[in-house]
Amino acid sequence: MPELPEVETVRDGLARHVLGRRVEDVVVHHPRAVRRHAGGALDLPGRLAGRTLSAAVRRGKYLWLVLDDDAEEALLVHLGMSGQLLVRREDTALTLPPPEHLVHPPTPPPLPLPAAAPGASADSALTADSALTAESALTAEGALTAEGALTAESAPTAESALTAAPGVPSDPERHLRVALRLDDGARLWFVDQRTFGHLLVADLVPTADGRPGGQGSPVPALPEPAAHIARDPLDPDLDRAAWARRLRQRRTEVKRALLDQSLVSGIGNIYADEALWRARLHPRRATDRLTQRAALELLDASEAVMREALAAGGTSFDALYVDVEGASGYFARSLDAYGRAGEPCRRCGTPMRRESFMGRSSTFCPRCQRPSRG
DNA sequence: GGAGCCCTGCGA
DNA sequence: TCGCAGGGCTCC
């Protein structure tokens with residue numbers, strides 16, 4: 001799933017490919033994708049049409065495109081577990097990531113860092129034939145009004161036209177949720193298989209600390225629905241000492257606190273396990289028993305693992321498409337903890353243990369990461 | 001502060 | 001057929 005480094009890769013792609021473009025029209029293909037938009041699916045297209053995308057900003061895993069230059073509203077996007085933003089252009093078939101990256105990627109055997117990008121590049125994108133099919137389907141659907149598209153969300157015609165070749169279990173057309181057409185002819189697609197992601201238009205509100213809202217813009221504002229989201233470990237304006245103090249004031253377990261987006265954002269289950277392993281902390285360690293130094297080391301570890309992933313993940317980004325699934329090396333990246341249950345700890349060789357915790361799995365080294373250690 | 005739910009596809 | 005995976009919101 002897209003984690004912070006993948007979202008940052010997407011933000012960077014958006015910044016380079018859609019800024020300055022005006023939205024011509026919008027089709028909502030699945031109402032669930034806009035469930036958090038205050039005005040609902042029928043309102044969203046009108047809120048976007050005619051607006052110019054003026055900045056691409058990210059905080060944690062939230063991403064937003066500022067609308068027009070007055071910085072009063074933004075299109076806010078959360079990719080959830082399987083969301084993607086794709087930029088497609090009519091004049092080329094090389095606008096999609098390779099299909100294999102759209103499939104739920106199996107966890108590959110761990111590779112040493114820095115991980116090489118997966119073999120596939122945009123050059124191996126969909127064939128011209130399938131791209132043509134997609135284009136014609138898009139045109140046909142684009143003719144629908146927003147309302148029509150909603151009713152026809154499972155329209156047999158559209159569905160059959162969009163069905164990809166057998167053997168490709170997932171493809172952008174099938175999971176297209178929202179399509180924006182831009183004034184340069186490009187399409188910006190929000191594609192989301194599991195529909196945990198969402199997209200909405202919201203007012204920008206001032207940041208509490210007067211500092212920039214996130215990566216990508218100096219403007220000290222962020223969308224209201226993301227106002228409760230803390231700064232992330234890559235944010236230069238994150239007050240690290242204050243974070244450590246707040247963490248230690250909590251009476252909870254350290255992994256739970258790491259996943260709390262109102263303390264520090266952008267850390268999901270995978271990075272939490274990785275950071276805890278690096279910091280040698282047991283996931284269930286009591287936060288109020290951490291020293292300030294140990295808390296800061298945990299934050300350092302979180303930042304380091306994200307920077308490494310970002311460095312590995314950005315490399316295979318191709319100028320012609322914006323890929324969120326993180327094609328980009330995320331899944332080839334080395335993981336020291338997550339998904340390594342039963343395998344030897346890379347520090348001490350003890351078999352890694354997996355426990356269910358908070359409804360999520362936690363993988364840790366029972367020897368290096370003691371609940372009671374200093 | 002914590003449990004449950006949303007949703008889909010894969011693998012056992 | 002069922003369990004699992006995941007982030008974040010809602011409700012307790």
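Numbered from 1 within each chain, the chains take letters A, B, ... in sequence-line order. None of these values were measured; they are calculated from a predicted model.
- One finds no side-chain N or O of A:Arg256 lying less than 4.0 angstrom from the OP1 or OP2 phosphate oxygen of B:dG1.
- Following rounding to the nearest Å, A:Lys61 (NZ) and C:dC9 (P) show an atom-to-atom distance of 12 Å.
- With respect to the salt-bridge test (charged N to carboxylate O, under 4.0 angstrom), the residues A:Arg231 and A:Asp209 qualify.
- Side-chain contact check for A:Arg250 and A:Thr287: no donor-acceptor pair (N or O, by modelled atom type) lies under 3.5 Å.
- OP1 or OP2 of B:dG1 sits under 4.0 Å from a side-chain N or O of A:Arg250.
- One interatomic measurement links the two molecules: CD of A:Glu3 to P of C:dA5, which rounds to 15 Å at whole-angstrom precision.
- Regarding A:Asp260, its CG atom lies at a distance of 15 Å from the P atom of C:dT10, rounded to whole Å.
- Taking a cutoff of 4.0 Å between a charged side-chain nitrogen and a carboxylate oxygen, A:Asp43 and A:Arg47 qualify as a salt bridge.
- Residue A:Gln261 has a polar side-chain atom (N or O) positioned under 4.0 Å from OP1 or OP2 of C:dG8.
- Within the 4.0 angstrom heavy-atom criterion, only backbone atoms of the sugar-phosphate kind lie near A:Tyr62; the bases stay farther away.
- Between A:His228 and C:dC9 there is a side-chain N or O to OP1 or OP2 distance below 4.0 Å.
- A residue-by-residue look at A:Thr195 and A:Glu253 shows that A:Glu253 has its nearest nucleotide of DNA chain B further toward the 5' end.
- Here A:Arg240 pairs with A:Asp300, A:Glu303 under the side chain to side chain donor-acceptor pair (under 3.5 Å) rule; sequence neighbours left out.
- Ring geometry, A:His78 versus A:His198: the interplanar angle falls under 30°, so the pair is classed parallel (tilted spans 30 to 60°).
- Using a 4.0 Å heavy-atom distance criterion, A:His198 is classed as making no nucleic acid contact.
- Applying the 4.0 Å criterion to OP1 and OP2 of B:dG2, one finds that A:Thr252 has a side-chain N or O inside that range.
- If you take CZ of A:Phe357 and P of C:dG7, they are 13 Å apart, rounded to a whole angstrom.
- Under a 4.0 Å N-O distance rule, the pair A:Arg278/A:Glu274 does not qualify as a salt bridge.
- Rounded to whole Å, the distance from CG on A:Leu79 to C1' on C:dG7 is 11 Å.
- Rounded to whole Å, the distance from CD1 on A:Ile270 to P on C:dG8 is 13 Å.
- Side-chain proximity of A:Gln193 to the nucleotides B:dT8, C:dG7, B:dC7 is greatest for B:dT8.
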Produce the list of close N/O pairs, under 3.5 Å, pairing protein atoms with atoms of nucleotides 4-6 of chain B; give distances to one decimal.
from  : atom 1 : to      : atom 2 : distance (Å)
B:dC6 : O3'    : A:Arg32 : NH1    : 3.4

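- Atom pair A:His78:NE2 and C:dG8:P shows a separation of 3 Å (rounding to whole Å applied).
- By the 4.0 Å N-to-carboxylate-O rule, A:Asp12 lies close enough to A:Arg16 to be salt-bridged with it.
- Counting to the nearest Å, the P atom of C:dC9 and the CE atom of A:Met81 are 15 Å from each other.
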